[in-house]
2 protein chains.
Amino acid sequence: MNSRSFFTRPLYLQLRDALASRVASGQWKPGLAIPNESDLAREFGVSAGTTRKALDLMEAERLVTRRQGRGTFVNDQTANDLAFRFCNIRTLDGRRVPGQFMEVRIAEAQANEAECGRLSLGENDRVHRIHRLRMDGVRPLIVEEVSLPAALFPNLSDKITHIVALAHQHGIILGRAEERIWTGVAAPTVAKRLSIPSNSPILRLDRVTHALDGRRVEWRIGHCYLGDEYMYLTEIK
Amino acid sequence: MNSRSFFTRPLYLQLRDALASRVASGQWKPGLAIPNESDLAREFGVSAGTTRKALDLMEAERLVTRRQGRGTFVNDQTANDLAFRFCNIRTLDGRRVPGQFMEVRIAEAQANEAECGRLSLGENDRVHRIHRLRMDGVRPLIVEEVSLPAALFPNLSDKITHIVALAHQHGIILGRAEERIWTGVAAPTVAKRLSIPSNSPILRLDRVTHALDGRRVEWRIGHCYLGDEYMYLTEIK
DNA sequence: AAGTGGTCTAGACCACGCA
DNA sequence: GCGTGGTCTAGACCACTTG
């Protein structure tokens, strides 16, 4: 009956993309319910089972939350839970650190070799570079150097620099990140900004964040002094 | 038609448990194919769709690998890929470190307060304590202190101490782990065993491994010197 | 050609949340 | 009582692998 041509992707993936773009574009607002399964199935001309498979996938990708008896709701990507999910620094009791930014500087430049490698850019591509200090209240937490592909973030405001807010603004849905960790000691300039003695032991964090579609969206180097108030917490599956 | 009583779990979960126990018990051997969907459906008196849902779940839990046109195969939990999936230390090019153990010491004792907390044990429960040195060839990598609930691992051999092999031997299927990381400097005793100068910057790794059913199976403290040959790599989803 | 898992459909009933 | 998502069924066809 169904005349899927030779190289089409499965219907449920196409449907996922269609629904995801409604979320990314803001057509469906965070916090609000989307149409129920059977209405969506009717609208797109697929079966309820296919719709369900697409929605279950979107829930796994943290785009929506489904609740039996209530409905399917668009997640607010800028809510604290989701916004800081790529930052594994926690207080000792396991709570995430919301974090504010200080001493923000932004520049645009041609991508250097390291940036081309980490962000899969070409020699002639440009990047936004952001230097900033991440605070937990009055406690300096991480000295960060961020690189963003300029092509993905046109008209970068100098007010908002947090990757989750930026991605949301530009219709990009974040997927996963990988972080490499080394130990090190604080160089004088870093130590000064973190308000710690030079040569204190610190973590060097090297993180690349990917969009749901695989595009590389952010490269961040972080210098972090944990002290005995914070830890780095990661789950291994 | 179906007379599920009030508090039964969904069929596909019951089926998953039944199939998982065949894997855990060794009734189905690693590397070999298991019966196809329709045969399993017939055997357990459920529909093919329910069987599929159970098998898809088991694939997500790394119990089996499914391949279109070939069949469904039992994973070898002791193969390097799976065996070292809870150790995030990698060489700089991203390869996992298989790792052998040296200087192994085992003792049994009553669980102390920390062990009770981390492993959810009662005051009177007992633990196996293992001290050992994890090597990468001739390079000392991690000084490890491991605690295992004695109740889960009766007749612990002093030959095999690796959690994946142990779990496999005792019919336990591992699920996830969470690791807490701090920076530190090497105390003299640790430095000596790692062949590094005292006060070298090291990672302190505190990991709890859970079985698929949620039971806490291992608590490990690791002292690791990364140097410039290794990194800690983690994926954030 | 035969057998496997992957996709898709259509419809039933159940558990949950709310008014 | 009604509407939602969650489970379960039965069956069709497709894509891939192997003989």
Side-chain angles (χ1 to χ4, degrees), chain A residues 1-20 22-23 28-75, chain B residues 1-20 22-23 28-75:
Chain A
M1 212 52 64
N2 193 333
S3 64
R4 284 170 57 197
S5 56
F6 257 112
F7 292 104
T8 54
R9 299 163 62 229
L11 267 181
Y12 73 91
L13 288 179
Q14 295 181 46
L15 182 55
R16 191 267 315 247
D17 291 348
L19 302 181
R22 290 191 181 177
V23 172
W28 283 341
K29 303 291 182 199
L32 299 184
I34 69 174
N36 68 39
E37 289 180 2
S38 50
D39 284 352
L40 287 174
R42 225 183 332 273
E43 178 187 346
F44 286 91
V46 299
S47 79
T50 300
T51 308
R52 163 174 296 277
K53 201 162 178 183
L55 290 172
D56 285 347
L57 184 56
M58 291 172 71
E59 181 166 49
E61 294 171 338
R62 306 188 197 240
L63 277 165
V64 298
T65 299
R66 316 192 72 199
R67 264 180 287 174
Q68 187 174 79
R70 304 260 333 259
T72 300
F73 300 84
V74 177
N75 287 339
Chain B
M1 215 52 63
N2 192 334
S3 65
R4 285 170 57 199
S5 55
F6 257 113
F7 290 109
T8 55
R9 299 161 64 226
L11 267 183
Y12 72 92
L13 289 179
Q14 295 180 47
L15 181 55
R16 191 268 313 247
D17 292 347
L19 302 182
R22 291 191 180 177
V23 172
W28 283 342
K29 302 293 180 198
L32 298 184
I34 69 174
N36 68 40
E37 289 180 0
S38 49
D39 283 353
L40 286 173
R42 224 185 331 272
E43 178 186 346
F44 286 90
V46 299
S47 79
T50 300
T51 308
R52 161 172 297 276
K53 201 163 179 182
L55 290 172
D56 285 347
L57 183 56
M58 290 172 72
E59 181 166 49
E61 294 171 338
R62 305 189 199 238
L63 276 166
V64 298
T65 300
R66 316 192 71 198
R67 266 179 285 174
Q68 188 173 89
R70 305 259 335 257
T72 299
F73 301 84
V74 178
N75 287 338

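First the proteins, then the strands, lettered A, B, ... as listed; each starts at 1. Values below: all heavy atoms of this structure, side chains included; hydrogens, waters and symmetry mates excluded.
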Please determine, for the side chain of [X], which listed nucleotide ([options]) has the closest atom?
X: B:Pro10; options: C:dT4, D:dT7, D:dG5; answer: D:dT7
X: B:Val46; options: C:dG6, D:dT9, C:dC18; answer: D:dT9
X: B:Thr50; options: D:dT9, C:dT9, D:dG5; answer: D:dT9
X: A:Ser47; options: D:dG6, C:dT9, C:dG5; answer: C:dT9

With a 4.5 Å heavy-atom cut-off, do [X] and [Y] have their side chains touching?
X: B:Leu13; Y: B:Leu57; result: yes
X: B:Leu40; Y: B:Ile34; result: yes
X: A:Trp28; Y: A:Val64; result: no
X: B:Val46; Y: B:Tyr12; result: no

Over how many whole Å does the gap from [X] atom [atom1] to [N] atom [atom2] extend?
X: B:Phe44; N: D:dT9; atom1: CZ; atom2: P; value: 13 Å
X: B:Arg42; N: C:dG3; atom1: CZ; atom2: C1'; value: 13 Å
X: A:Asp56; N: D:dT4; atom1: CG; atom2: C1'; value: 14 Å
X: A:Gln68; N: D:dC8; atom1: CD; atom2: C1'; value: 14 Å
X: B:Asn36; N: D:dT18; atom1: CG; atom2: C1'; value: 15 Å
X: B:Leu40; N: C:dG5; atom1: CG; atom2: P; value: 8 Å

Can you tell me if the side-chain N/O atoms of [X] get under 4.0 Å from OP1 or OP2 in [N]?
X: A:Tyr12; N: C:dT7; answer: yes
X: A:Thr72; N: D:dT4; answer: no
X: B:Lys53; N: D:dT7; answer: yes
X: A:Arg70; N: C:dC16; answer: no
X: B:Arg67; N: D:dT17; answer: no

Using a heavy-atom cut-off of under 4.0 Å over every strand shown, decide if B:Arg52 touches base, sugar-phosphate, or nothing.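 Base contact - B:Arg52 has a heavy atom under 4.0 Å of at least one base atom.
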- Starting at the 5' end of DNA chain C and moving along, which residue's nearest nucleotide shows up first, A:Gly69 or A:Gly45?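 The answer here is A:Gly45.
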